[in-house]
Protein chains: 2
Amino acid sequence: MADVAARAGVSLSTASLAFSGNKPVSPATRERVLAAAASLGYAGPNPLASNLRRGRSGVVGIAVGRLSTAFRDPAALPMVDAVSDVLDAAGFGLLLMGDDAEHARLPLDAVIYDICGRETWTSYDDLVARDVPMVVVEGPAWPGTTLIDIDHRGGARALARHLHDLGHRRVATLMLEPSHPQREREAGLREVFPDAEVVGSCASDHDAAQAIVSDYLAAEPDVTAIVCQSDVQAAAVVVEARRRGLDVPGDLSVGGFDGITTPWLDLELTTVEQPLADKGRATAEAVLARIAGEPAHDVVLPVVLRVGGSTGPA
Amino acid sequence: MADVAARAGVSLSTASLAFSGNKPVSPATRERVLAAAASLGYAGPNPLASNLRRGRSGVVGIAVGRLSTAFRDPAALPMVDAVSDVLDAAGFGLLLMGDDAEHARLPLDAVIYDICGRETWTSYDDLVARDVPMVVVEGPAWPGTTLIDIDHRGGARALARHLHDLGHRRVATLMLEPSHPQREREAGLREVFPDAEVVGSCASDHDAAQAIVSDYLAAEPDVTAIVCQSDVQAAAVVVEARRRGLDVPGDLSVGGFDGITTPWLDLELTTVEQPLADKGRATAEAVLARIAGEPAHDVVLPVVLRVGGSTGPA
DNA sequence: TTGTATGCGTTATCAA
DNA sequence: TTGATAACGCATACAA
């Protein structure tokens, strides 16, 4: 930049201003600086130096674990997309993080924990030590973090009531791995069906869910409905039930969670629809606030029951 | 770090070495430095300063466009996962890039273009100007980039021959949007079926594919097989064919591309399996080589035909 | 194995 | 609107 400034006949600081626009520069000077840059093949301020001086990298980490696990469930995508949109607009980029502490050496302005069923993250302590702002999606909230959550319990309760209204009394549930969302949803379910049987628990993965529910249905259980904790699980239950000759919802009602579309099924799932994009936007806004040093309040977003064709009278 | 060094009674450079391990430091000194750091709450070298000094950020961009588009097709995930694994092990992180030029201000050591059907990226010129190494996945290769590709044409040809061997003569193809992979695959198909009819073209998305093929089948075309350019498309064709009362593969054979699993179908697709993880690893290795200033050679990976239950005698 | 000295390329402060 | 100057926090060449 010094060369560019010299070539343009201005000082280094003026050249810097011409690029950053942080203070007014006369159009003529700016023009000369840009021309000098072009003729010297200078592509603009070096991001590394700029980062050091400004104390900011423009990089926000998002901890999702393994991609093929995190994004196997389509419900994860719209949320991350929304985060990305908001951060992009503010000039920040999203860096994918696994859960190893090596990331401590990366220049992160903030970190998002998109919990995905995890309970702990080994990088937490490191980030606290470095004063890196953290935003946690779907809890649990740790000290110093901002929490963006949805109303798991209320959603689960609404779905349970819907089934109860349809006359169901013997209900089972296919759970996610132990986590804050799972515990909250189970609590909501048990407000209506205290004795709901547990089918099993697995990630939000078609194969895993189908295998578990296959074993369960083979034992010819005495239930009229299965409540799942994700639509991917619910779709797997529908597929498996049919494979066993059961009619859905005639013989078995199936409930989901998330509100994604399942185009490969010929019915729409009854599900608890969560505002995925809103969740992402709220997350990104909390991140930006924390980076700016402003306080960020926790958020709990509402969900709505969407009745489809996978549930019917008991 | 100066404070830590003072506290430990060593020089700044020794403290630096104690943290980086780039030169030998006596265990005793190192111990004292680390203890001093702990007692002062110093979490290790500031990444921003370290980055400037070393001329490297540890951040590698990956341009995939919109996440919910790029990762809607499960085939994209294992590849990115493999990239992430290799880069992680080398201390690099993956930053998701859309296609806007704002990313020019981010500290990127290299950029991966995971083409996903795109032909152009607006950030290319900027990155060239900044001398940022670029690796392009599935072409076309631009000047200065390293190309990691698969044998699209050979795979498509093998699938076409398989159908020809089964007696098929009237074959149609459902294409991806215009792109290097699509053109190569079409060329492979036409080596065997020069007159293959075009069903249409769309992204690798279930809904889009099903809509297109629905219109096509409604016209009761005179074909015995449909070759798709992704397994997601192929699954959609199977679903739609059955919805119309056609037996697969009795009335219609369907071929795919990618080699993913489709657990919600009760048959395995006949498909061209590509080495997704190998592709990711090769990509990451090319990135690391280019960052290290070493030459990186282009790569073309082989594919294999995997015969499943979606194709049968004409 | 440790210490001294220098500069990485900016941006911000302040004065002109 | 512009210019002089001082950090930003570290890693390395070199000398000891």
Side-chain angles (χ1 to χ4, degrees), chain A residues 1-34 36-37 40-59 91 104-109 129-132 291-293, chain B residues 1-37 40-59 91 104-109 129-132 291 293:
Chain A
M1 193 190 280
D3 292 351
V4 171
R7 173 85 165 237
V10 300
S11 75
L12 177 56
S13 42
T14 301
S16 174
L17 293 178
F19 286 111
S20 72
N22 285 353
K23 297 255 175 197
V25 171
S26 83
T29 347
R30 220 177 63 107
E31 209 49 49
R32 256 185 308 140
V33 172
L34 265 38
L40 291 176
Y42 176 80
N46 178 323
L48 266 32
S50 172
N51 287 350
L52 171 59
R53 183 56 235 235
R54 307 190 320 179
R56 183 162 300 173
S57 66
V59 177
R105 303 197 50 139
L106 294 176
L108 300 173
D109 290 345
R130 285 175 187 283
D131 256 331
V132 176
I291 289 177
Chain B
M1 193 189 283
D3 291 351
V4 171
R7 173 85 167 238
V10 300
S11 75
L12 177 57
S13 56
T14 299
S16 175
L17 293 178
F19 286 111
S20 71
N22 284 354
K23 298 257 175 196
V25 172
S26 82
T29 336
R30 219 178 64 107
E31 210 50 49
R32 255 184 309 140
V33 172
L34 265 38
L40 291 175
Y42 176 79
N46 178 321
L48 266 32
S50 171
N51 288 349
L52 172 59
R53 181 56 234 238
R54 307 189 321 179
R56 186 161 299 175
S57 66
V59 177
R105 303 197 52 138
L106 293 177
L108 299 174
D109 289 345
R130 285 176 187 281
D131 257 329
V132 176
I291 289 177

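Residue numbers begin at 1 in each chain, while the letters A, B, ... track the order of the sequences. Owing to the predicted nature of the structure, the values given are computational and were not obtained by experimental measurement.
- When all heavy atoms of B:Met1 and B:Pro45 are compared, the closest pair comes out as CE-CG, 3.9 Å.
- Annotation for A:Arg30: atom CZ does not count as buried by contact number, only 12 or fewer foreign heavy atoms lying within 6.0 Å.
- Rounded to an integer number of Å, the gap from CG of A:Asn46 to P of C:dG7 is 18 Å.
- Listed pair A:Ser11 / D:dG3 meets the phosphate criterion, a side-chain N or O lying under 4.0 Å from OP1 or OP2.
- Scanning atom types as modelled, no donor and acceptor separated by under 3.5 angstrom connect the side chain of B:Ser13 and the base of D:dA11.
- Heavy atoms of A:Leu12 sit under 4.0 angstrom from at least one base atom.
- Atom CZ of A:Phe19 and atom P of C:dA12 are 15 Å apart (whole Å).
- Residues B:Ser16 and B:Ser13 bring no donor and acceptor atom of their side chains to less than 3.5 Å of each other.
- The nearest heavy atom of DNA chain C to B:Pro27 and to B:Ala49 marks one nucleotide each, and the one closer to the 5' end goes with B:Pro27.
- Side chain A:Arg53 to base C:dT10: no donor-acceptor pair is found below 3.5 Å.
- Considering all non-hydrogen atoms of both residues, A:Ser50 and B:Arg105 come closest at OG-NH2, 4.3 Å.
- Atom pair B:Arg54:CZ and D:dG9:P shows a separation of 17 Å (rounding to whole Å applied).
- Atom CZ in B:Arg32 sits about 13 Å away from atom C1' in C:dG3, given to the nearest Å.
- Toward the 5' end of DNA chain C, the nearer of the two residues A:Ala2 and B:Val25, judged by each one's closest nucleotide, is B:Val25.
- One N or O on the side chain of B:Asp109 and one on the backbone of B:Ser57 form a donor-acceptor pair closer than 3.5 Å.
- The CG-P distance, from A:Leu48 to D:dG9, rounds to 16 Å in whole Å.
- A straight line from NZ of B:Lys23 to C1' of C:dT1 spans 11 Å, rounded to a whole angstrom.
- In the interface, the side chain of A:Ser16 is not paired with the base of C:dT11 through any donor and acceptor atom under 3.5 Å apart.
- Looking at heavy-atom distances under 4.0 Å, A:Thr29 makes contact with sugar-phosphate atoms alone, never a base.
- Look at CZ on B:Arg130: it is 13 Å from P on C:dG9, rounded to the nearest Å.
- Nucleic acid contact for B:Asn51: none, since no nucleic acid atom lies under 4.0 Å from a heavy atom of the residue.
- Heavy atoms of A:Tyr42 sit under 4.0 angstrom from primed sugar atoms or phosphate atoms, though from no base atom.
- Side chain of B:Asn22, nearest nucleotide from C:dT10, C:dC8, D:dT12: D:dT12.
- Using a 4.0 Å heavy-atom criterion, one finds that A:Ser50 contacts the sugar-phosphate atoms exclusively.
- Between A:Tyr42 and A:Asp3, the closest side-chain pair of non-hydrogen atoms is not below 4.5 Å.
- Considering only the side chain of B:Leu17, C:dT2 comes nearest among D:dT2, C:dT2, C:dC8.
- In this structure, B:Leu52 places its CG atom 8 Å from C1' of D:dC10, rounding to the nearest Å.
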